[in-house]
Amino acid sequence: MIRTLYEAAAAMMAQFARQLALSNDLSNAQTPGYRREIGRVNDFQEMLLSRIGGGQAQLVGPVSTAVRYDQPTVDERQGALVETGRPLDLAITGRAFFTIQTPQGVQYTRDGRFQLNAQRQLVTADGMPVLGVNGPITIPPGDVAVDPDGTVRVNGQTVGQLLLTDLPANATLTPVGQNRFTANAAGQPAQGSGVSQGFLEQSNVDITQTLTEMLAASRSYALAQRALQLADDSLRLAVNDVGRVSA
Amino acid sequence: MTSVYFPSMSGIMAGQQQVDVIANNLANLSTTGFKAARAQLVSLPSQRSEVARAGEAVLGPVDLGGGVMLGAVTRQFTTGPIQVTGNPLDLAIVGDGATFFAVRRRDGTVAYTRAGALSIDANGQLVTADGAILEPPITLSPGARIDHVDAQGRIYAVQGSANAPTVVGQLQLVRFPNPNGLLALGNGQFSATPAAGQPEVGTPGAPGWPTIGSGMLEAANVDLATEMTQLIIAQRAYVANIRALQTTDEMVALAIQTRS
């Protein structure tokens, strides 16, 4: 009986965590290069339930103890590309990431809203250098062209090549803010990805889908809460009324 | 506990700031030399939280996202549409949206602008519409009449009894490595900052520099259709975030009601 209380409470917590993750996705529905998080509500490890009676434990069968909300993973689906016409707005088609140098080490992003800093280096909106194959890229005055393979040319002269990184499929990406990720595995030079100049990749959050999932989360939450209350009522009955001899 | 509302709240605030920026663009639809601004949203780092503790089983911490914030407001330094006025002292910088005239404001500071509606003040100096003096100053002798300004920024005037116009001044242009680092002062003027980098001075029409169009003005580069579309998108996201906030709140309310 007590287990029912814990199970219902765990379900409420899991659905609440899901709601928070969905709220975060929704708040980033307009953040270029944002990747929505896929969270899963999963079972705890099952345990074997046995009945004790007649001096001997008898196996009943496996039972799930509770559910939990797993560490969300990043949805790598491509967001829509929107044309901006700005020469330093870059979008990646494919699964690669731009490689960014930060004081905290190398980070990865799909957000290609780049600009130049005072030293004419290609930097992110918050001033972190965008890494090329040979380190940060310095762009002299002139017309900037970026080829699909990431080669940056100014007035036809090659000044560098963007370092696009493929992260292993099993790598865990951790969002660290500013639309950037850190990865727990080393990246490889990208294969089969291209750069589109004058485009930005929009957030891959679908507002309708997110709101629908939110409805599901809130209903599941309400159901679990109801289960908790019913379990509580039953317990109250068991404690107060069962075995009572007279009124 | 406050943090559970934060992702949605940050989305609502960011939506509001986006609408503010769009409203300002729309208000400047007819401001000469105005450059449209864009609110640049960035995600906030995820926060590590222990989201579930059920009985004996403690769940490992889960990283949940921390919402969104306004990372920067950037300007779109594209050229605006050119409007012909016929006044020789209406000057447009043709060909590059991030090159400026330098002017000295009344408070003595130097500012940079693309609003080239110049006139001659009482001292014979060329000034912008709000009275800022062109830098370096160009002074006309009394009685001189502006004839024309050529694409290289040379100002021709007829002085005294002469019939043929002569060059009385040379316009200069300034540009920055990072125009988005400039600080907007209003009136289409910007001031230099360390983030913008060292100003580079050049002559109109020199290789790599834009030319001067006389008798024309550069209108704001605000596109009404684009702004309205952005406004609708921002409003839609704003409403969705309010909805999410309400849902979260209903869930919190349910949790509170459980023990009653």
Side-chain angles (χ1 to χ4, degrees), chain A residues 2-3 6-7 9-10 12-17 19-32 34 37 44 65-66 68-72 85-86 111 113 115-120 125-127 141-142 174-179 207 210-211 214-215 217-218 221-222 225 228-229 232, chain B residues 4 7-12 14-15 18 40-46 49 51-55 57 59-60 62-68 71-72 74 76 78 175-178 180-181 194-198 200 208 233-234 236-237 240-241 243-245 247-248 250-252 254-255 257-259:
Chain A
I2 295 289
R3 206 170 50 238
Y6 285 142
E7 280 174 14
M12 286 175 72
M13 290 173 192
Q15 295 300 337
F16 197 77
Q19 164 72 10
L20 290 188
L22 291 169
S23 312
N24 178 50
D25 280 350
L26 206 53
S27 70
N28 282 293
Q30 294 204 76
T31 309
Y34 180 80
E37 295 184 333
F44 266 111
T65 46
R68 63 172 174 198
Y69 187 76
D70 272 350
Q71 172 77 43
R86 213 182 135 256
D111 176 6
R113 287 175 292 184
Q115 56 187 41
L116 298 183
N117 66 7
Q119 289 75 45
R120 303 199 68 93
D126 64 330
T174 308
V176 289
Q178 298 284 349
N179 311 336
I207 292 184
T210 311
L211 280 175
M214 215 174 247
L215 278 181
S218 70
Y221 181 87
Q225 190 257 4
L228 182 66
Q229 268 184 331
D232 185 40
Chain B
V4 303
S8 301
M9 192 192 78
S10 69
I12 295 169
Q18 267 185 310
Q40 305 289 359
L41 303 186
V42 294
S43 61
L44 284 168
S46 58
S49 52
V51 289
R53 184 187 288 269
L59 305 184
V62 172
D63 289 327
L64 288 176
V68 68
T74 57
Q76 316 272 97
T78 55
R175 67 184 173 201
F176 294 87
N178 177 22
N180 263 312
Q198 283 297 315
E200 190 189 348
I233 295 171
R236 185 162 151 264
N241 278 302
R243 187 80 208 106
L245 184 69
T247 308
T248 306
E250 281 161 16
M251 290 165 81
V252 171
L254 261 187
Q257 283 164 19
T258 304
R259 189 79 194 100

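- Only the backbone of B/A195 comes within less than 4.5 Å of a heavy atom of chain A; no side-chain atom from C-beta onward does.
- Proximity to chain B involves both the backbone and the side chain of A/L26, based on heavy atoms less than 4.5 angstrom apart.
- Residue A/Q30 touches chain B through both its backbone and its side chain, counting heavy-atom pairs closer than 4.5 Å.
- B/Q40 contributes atom CD, which lies 9.5 Å from atom CD of B/Q18 (distance to the nearest 0.5 angstrom).
- Atoms CG and CE, on A/L20 and A/M214 in that order, are 9.0 Å from each other to the nearest 0.5 Å.
- Across A/N24, A/N28, A/L22, a single residue satisfies side chain to side chain contact (heavy atoms under 4.5 Å, CB included) together with B/P7, and that is A/N24.
- Residue A/A125 does not touch chain B at all, counting heavy-atom pairs closer than 4.5 Å.
- Heavy-atom distances place both the backbone and the side chain of B/I233 under 4.5 Å from chain A.
- Among A/S27, A/S218, A/P32, the residue with the largest count of heavy-atom pairs under 4.5 Å with chain B is A/S27.
- Only the side chain of A/M12 comes within contact range of chain B, judged by heavy atoms closer than 4.5 Å.
- Listed by chain and residue number, A/N179 satisfy the side chain to side chain donor-acceptor pair (under 3.5 Å) test with B/S43 (two or more places apart in sequence, or in another chain).
- Using a 4.5 Å cut-off between heavy atoms, A/Q178 contacts chain B through both its backbone and its side chain.
- For B/T248, the parts lying under 4.5 angstrom from a heavy atom of chain A are both the backbone and the side chain.
- When heavy atoms are compared at a cutoff of 4.5 Å, B/A237 approaches chain A by way of both its backbone and its side chain.
- Looking at B/N241, the atoms closer than 4.5 Å to chain A (heavy atoms on both sides) sit in the backbone and in the side chain alike.
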